[in-house]
Amino acid sequence: MTDVPASDARAIPAHGVSFAAALRVWLRVAAMSFGGPAGQIAVMHRIIVDEQKWVGENRFLHALSYCMLLPGPEATQLAAYIGWLMHRWPGAIMAGGLFVLPGIIALMALSWVYVLFGQVPVVSAFFFGLKAAVLAIVLQAVQRLGSRALKSGAMLALALFAFVAIFFSHVPFPIIVLAAGAIGFVGARSGSAAFAVGGGHGGPSRVTAGESRLGDDLPEHVRPTVGRALRVSALWLALWLGPVIAIVATLGPHHTFAEIGGFFSKMAVVTFGGAYAVLAYMAQQAVETYGWLKPGEMLDGLGMAETTPGPLIMVVQFVGFLAAYRDPGSLPPLLAGTLGGLLATWTTFVPCFLWIGLGAPFIERLRDNKPLSGALAGITAAVVGVILNLAIWFALHTWFRDTVPVGAWGLGFDMPVLSSLNPWALALSLAAMIAIFRFKIGAMQILAACSVAGILLYLAGAVAP
């Protein structure tokens, strides 16, 4: 038997997944990260839990529940969390960084096209087909997470409560999360097995080493210490706020770059409630308070972010780009726009690593705490309802050109105008759903096929993006 060289042994952790192997997997995740947080979480679950079996079901849902409590993009934070579990901080930086890199590149290129040429029809046609596929992926997320998280009547009721509250009553997401967490906490503390992550009538399931590569143990780097928390805080606070402080000191607090850095840094702290809650706040501030762009341009940016890989909140790059492009100072407009977009992206996503570094060790340590696990399980169930809300919202805005608000007795929703139905969008979506749910065709193939179909429909004159 040949001994493994010492250098190779050190390169491969105890769970057997080398950094190079993980890099290839996270590149796959990054390439398929379409569909907003719902689609991205579904992609991560399928690859990380079902295919690679790096972490078990309970650990994934536990991490997801924690990330849903944080400000900022939950899917990015979940990627960084799992990368940190597997390969310490290099793994977190790799997973979180790769998760946003395709979106940074794609949205920057589209921002250049937008300011230089306006909306290019063939590009819009490409996105037209892409949206149909994204909807199918979001629905798959509802099915996958729901089948695993809603193991009891209580969990199903929480999911329905969350859906009704956010879709019909427009209850803020943080309130839904807090209510679901409180219900789960009380239920688990009372001894009910219905509020355990992955639980049900049979009680909570335990993740064993045979079910996942990481197993159920607490790796040494995961154990929380005060010293480690202080070092993490100092490092990531310096990386996050250091450039902003330098810009303010050099250019003054009223320079466009200073305003971009300050606004998006504040947004990274105060914006809870998922991507759409964040976007509502950002759109109001960017359009009405700062005057960086017009309402129609905000919708254009949102459409770009929804149909490019990476987190939906990547639209911040488009906002930062236009803000600096239109007030470049002494720089060429395109250079200023590029720097402004990258600054908005930096101040939005760097804090994600700070939240994971500070909180994840304590959350991991408390995985066996039944009341806390019950609270996180309740949040997980509510997330399923929220994702269903996003799926329906996405369907309404993909299949129909117009909607009208209707409401009574404190309830309301956007009802589609039936005459504005786009039959080609509906047909592409149904074809994508059949391909995913009936024939189990991969997401990348579906995305590619629908995108090509969108371009062909445009060239044939069937659609006019």
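Positions are given from 1, in the same order as the sequence printed here. None of these values were measured; they are calculated from a predicted model.
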Discussion item. Using side-chain contact (heavy atoms from CB on, under 4.5 Å), reason through Thr347 and Val316 one step at a time and then give a plain yes or no.
Written reply: CA-CA 10 Å; Thr347 51; Val316 300; over 6 Å; no
Discussion item. Between Leu110 and Phe318, is the side-chain contact (heavy atoms from CB on, under 4.5 Å) condition met? List the steps.
Written reply: CA-CA 9 Å; Leu110 289 174; Phe318 178 75; over 6 Å; no
Worksheet item: Hey, mind stepping through Trp240 and Phe353 against side-chain contact (heavy atoms from CB on, under 4.5 Å) and telling me if it holds?
Response: CA-CA 10 Å; Trp240 170 20; Phe353 297 96; over 6 Å; no
Worksheet item: Would Val244 and Trp346 count as a side-chain contact (heavy atoms from CB on, under 4.5 Å) if you check the C-alpha gap in whole Å, the side-chain angles of each, and the deciding distance to 0.1 Å?
Response: CA-CA 10 Å; Val244 179; Trp346 180 267; over 6 Å; no
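Put simply, the side chain of Thr338 reaches to within 4.5 Å of the side chain of Trp112, judged on heavy atoms. Between Ile247 and Leu343 the shortest side-chain heavy-atom distance falls below 4.5 Å. Using a 4.5 Å heavy-atom threshold, the side chains of Trp26 and Ile82 count as touching. Between Leu335 and Pro328, the closest side-chain pair of non-hydrogen atoms is not below 4.5 Å. At a threshold of 4.5 Å between non-hydrogen side-chain atoms, the residues Tyr81 and Leu64 do not count as touching. Side-chain contact between Arg28 and Gln52 is present, with heavy atoms from C-beta onward closer than 4.5 Å. Between Ser265 and Leu241 there is a side-chain heavy-atom pair separated by less than 4.5 Å. Trp54 has its side chain within reach of Val25: a pair of non-hydrogen atoms, C-beta onward, lies under 4.5 Å apart.
The main-chain N or O of Tyr290 is never found under 3.5 Å from a side-chain atom of Gln285 such that the two would form a donor-acceptor pair. The backbone N or O of Arg59 lies less than 3.5 Å from no partner atom in the side chain of Glu364, so there is not a single donor-acceptor pair. A distance-only check finds no donor-acceptor pair linking the side chain of His87 to the backbone of Ala95 [under 3.5 Å]. In this structure a side-chain-to-backbone donor-acceptor pair under 3.5 Å is present from Arg326 to Trp292. Checked by atom type and distance alone, the side chain of His62 pairs as donor or acceptor with a backbone atom of Ile363 at under 3.5 Å.
The line from CG of Leu354 to CG of Leu239 is 10.0 Å long, rounded to the nearest 0.5 Å. Atom CG of Asp414 and atom CZ of Phe400 lie 12.5 Å apart (nearest 0.5 Å). Atom OG of Ser451 is separated from atom CG of Leu428 by 9.5 Å, given to the nearest 0.5 angstrom. Here the CD-CD1 distance, from Gln317 to Ile105, works out to 10.0 Å after rounding to the nearest 0.5 Å. Interatomic distance, CD1 of Ile104 versus CZ of Phe349, reported as 7.0 Å (0.5 Å rounding). Put simply, CD1 on Ile176 and CD1 on Ile379 are 12.0 Å apart, with the number rounded to the nearest 0.5 Å.
Counting all heavy atoms, side chain and backbone alike, Ala323 lies closest to Thr256 at O-CG2, 3.7 Å. Pro311 and Phe99 make their closest contact through CG-CE2, 3.8 Å (heavy atoms, listed as atom of the first residue, atom of the second, distance). Taking both residues in full, the closest heavy atoms of Trp355 and Tyr66 are given as O-OH, 3.0 Å, listed atom of the first, atom of the second, then distance. Between Ala136 and Ile436, the shortest heavy-atom contact is CB-CD1, 3.8 Å. The minimum heavy-atom distance between Ser169 and Leu411, with the atom names listed, is OG-CD2, 3.1 Å. The two residues Pro371 and Ala188 make their nearest non-hydrogen contact at CA-CB, 4.0 Å.
A salt bridge is defined here as a Lys NZ or Arg NE, NH1 or NH2 lying under 4.0 Å from an Asp or Glu carboxylate O, and Glu57 with Lys151 fails to meet this definition.
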Donor-acceptor pairs under 3.5 Å, side chain of residues 155-167 to any protein atom, not counting sequence neighbours: which ones?
none

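The aromatic ring centres of Phe321 and Tyr114 sit 6.0 Å or more apart.
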